[in-house]
There are 2 protein chains.
Amino acid sequence: MPLNPVRRVNLAHDISAQLSQAIVAGDFPAGAVLSEPMLAKRLGVSRAPVREALIELETRGMVEFDERGRSRVPSLTHDDLVDILGIRIALEPRAASLAARRADPLAFIDLERNLDAMRAARTPTELARLDTAFHSGIVRASGSRRLHLCWNVVEHQVDLWLAQMQSRVDALCHQLRDTTVAAHAAMFETIRSGDALRAEELARKHLTDWLGVLPGTPVV
Amino acid sequence: MPLNPVRRVNLAHDISAQLSQAIVAGDFPAGAVLSEPMLAKRLGVSRAPVREALIELETRGMVEFDERGRSRVPSLTHDDLVDILGIRIALEPRAASLAARRADPLAFIDLERNLDAMRAARTPTELARLDTAFHSGIVRASGSRRLHLCWNVVEHQVDLWLAQMQSRVDALCHQLRDTTVAAHAAMFETIRSGDALRAEELARKHLTDWLGVLPGTPVV
DNA sequence: CACCGGGGTATTGTCGACAGTCGACCGGGG
DNA sequence: CCCCGGTCGACTGTCGACAATACCCCGGTG
């Protein structure tokens, strides 16, 4: 057994992840104030790691600091959603292209497992989670640390969006399930085959298609 | 007199900016450990705001935490540079396109002033700083908060790169000064004219050209 | 000479505490 | 009735302190 090294615990990191999940789960709706004493009390820790977690989330855009230092959950509008998709259309084709060239077998089994899970997923929430995870996997497979840093921002924004527009997302996911799985499968195969140009194009098309089905979408 | 509101001070934010500048100025070379007590002592503050500043810099990739929690200045390789440029080629055309559509007059005077300063700049370091600032200005002009979050990552990486490859950058800047100014001027005019497609194309070309003059560049 | 164990030092992660500040609330005066 | 000042409570920003841990050097031992 490899006996992977034990990670020195860092409460701030755990708290950051927990807060992300809580926000996505709808525990803190848009506009809610995340006061440090309240979070510290609920989590059973002191304020210091809570503060650090909030700062981390702020640089990823998952909470906002107002002029008085209070952190709030940002509330997204439809324009924000289009904005996020625009960035994804810029970043993800690059990630797909790099992933196709890097061709890391370890990442492939990750992506393949995700595809299987997606085919077996039942609830729309599960489907949405797996969808985001697939795109995350491609970014990881790109092997670019900086792309991953940027993606962290985007991913948190997508999570936020999923949390705030859940009903509409659920409907869309249900409706687009088969096409999404098919698009993912095509991207996976293309990346595995090493065809960077085509992988880039597929990623762009996949996201642009998504943009097309959004109601009231302006030209982008 | 407008009496603009006084900003509530936040040491962590100041420290983050100061550390950025210090790293760029070469005060902490690649691989240097940034110990919290040392920084706190030098800055005359306690460790808490220093920690928060380091966390902020870490999410932007300007420092790295090793497995023991110590923060170090990452050392960039040539591959990293190509990686950074690849992300810029993905992000900045989008920013230019948005900026052309948004057409914020306030941002225009900012960009124009930058152009003038660049024409008057004397040292290569100054030139490099203004170059980055111009690209920052375009991202700000895009009006996308999320694009700006991503750009924060990229900008810090570019700064880091400038700090670590200063000699080569200086030579390049000197050599490419006129073409860079011309390219920036063209981008500025195109953005002001509102031609989003052409602005996007110019931004891409500008960065791709830069990629071309780097020594030993692989195909991207 | 090579190897091992122990003490000292430095650093991180976390905690509780304090000052400053802001908003909410209440009572009094015009 | 409306406006104003004062008080209370809550929250943020910052600080110093403590335990835990890892590194470094040094002496002892086979």
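- In this structure, the nucleotide among C:dC18, D:dG16, C:dG13 sitting nearest to the side chain of B:R47 is C:dG13.
- A salt bridge does not link B:D116 with B:R113: none of the charged nitrogens is closer than 4.0 Å to a carboxylate oxygen.
- Residue pairs that meet the ring pair (Phe, Tyr, Trp, His ring centres under 6.0 Å) test with at least one member in residues 123-146 of chain A, sequence neighbours left out, are A:F134-A:H184, A:H135-A:H184, A:H135-A:H206.
- Not counting sequence neighbours, B:F28 has no partner by the ring pair (Phe, Tyr, Trp, His ring centres under 6.0 Å) test.
- With respect to the salt-bridge test (charged N to carboxylate O, under 4.0 angstrom), the residues A:R94 and A:E200 do not qualify.
- Within 6.0 Å of NE2 in A:H148 there are more than 12 heavy atoms belonging to other residues, nucleotides or ligands.
- Whole-Å rounding puts the A:D14 CG to C:dT14 C1' distance at 14 Å.
- Between B:E64 and A:R145 there is a salt bridge, since at least one side-chain N of the basic residue sits less than 4.0 Å from a carboxylate O of the acidic one.
- Phosphate contact (OP1/OP2 of C:dT14, side-chain N/O of A:N10, threshold under 4.0 Å): present.
- The nearest whole Å value for the distance from the CD atom in A:E52 to the C1' atom in D:dG13 is 13 Å.
- Atom CD of B:E36 and atom P of C:dT11 are 10 Å apart (whole Å).
- Here the nucleotide nearest the side chain of A:S46, chosen from C:dT12, D:dT14, C:dG16, is C:dG16.
- Closest to the side chain of B:P49, from the set C:dG16, C:dT11, D:dT14, is D:dT14.
- Ion pair B:R140/B:D104 not flagged as a salt bridge, since none of the NZ, NE, NH1 or NH2 atoms sits closer than 4.0 Å to an Asp/Glu carboxylate oxygen.
- For the pair B:R51 CZ and C:dT12 C1', the interatomic distance rounds to 7 Å; values are reported in whole Å.
- With a 3.5 Å ceiling on both atom-pair distances, the Watson-Crick or G-U wobble partner of D:dT12 is C:dA19.
- Taking atom CG of residue A:L34 and atom C1' of nucleotide D:dA10, one finds them 16 Å apart after rounding to whole Å.
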Give every pair of a protein N or O atom and an N or O atom of nucleotides 20-24 of chain C that lie under 3.5 Å apart, one pair per line with the distance.
residue : atom : partner : partner atom : Å
C:dC22  : O3'  : A:R68   : NH1          : 3.3

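- As rounded to whole Å, 11 Å separates atom C1' of C:dT12 from atom CG of B:D66.
- The listed nucleotides are D:dT14, C:dC15, C:dT12; the one nearest the side chain of B:P37 is C:dT12.
- Atom CD1 of B:I55 is separated from atom P of C:dG13 by 8 Å (rounded to the nearest Å).
- Across the protein-nucleic acid pair, A:L54 atom CG and D:dC11 atom C1' stand 13 Å apart, rounded to whole Å.
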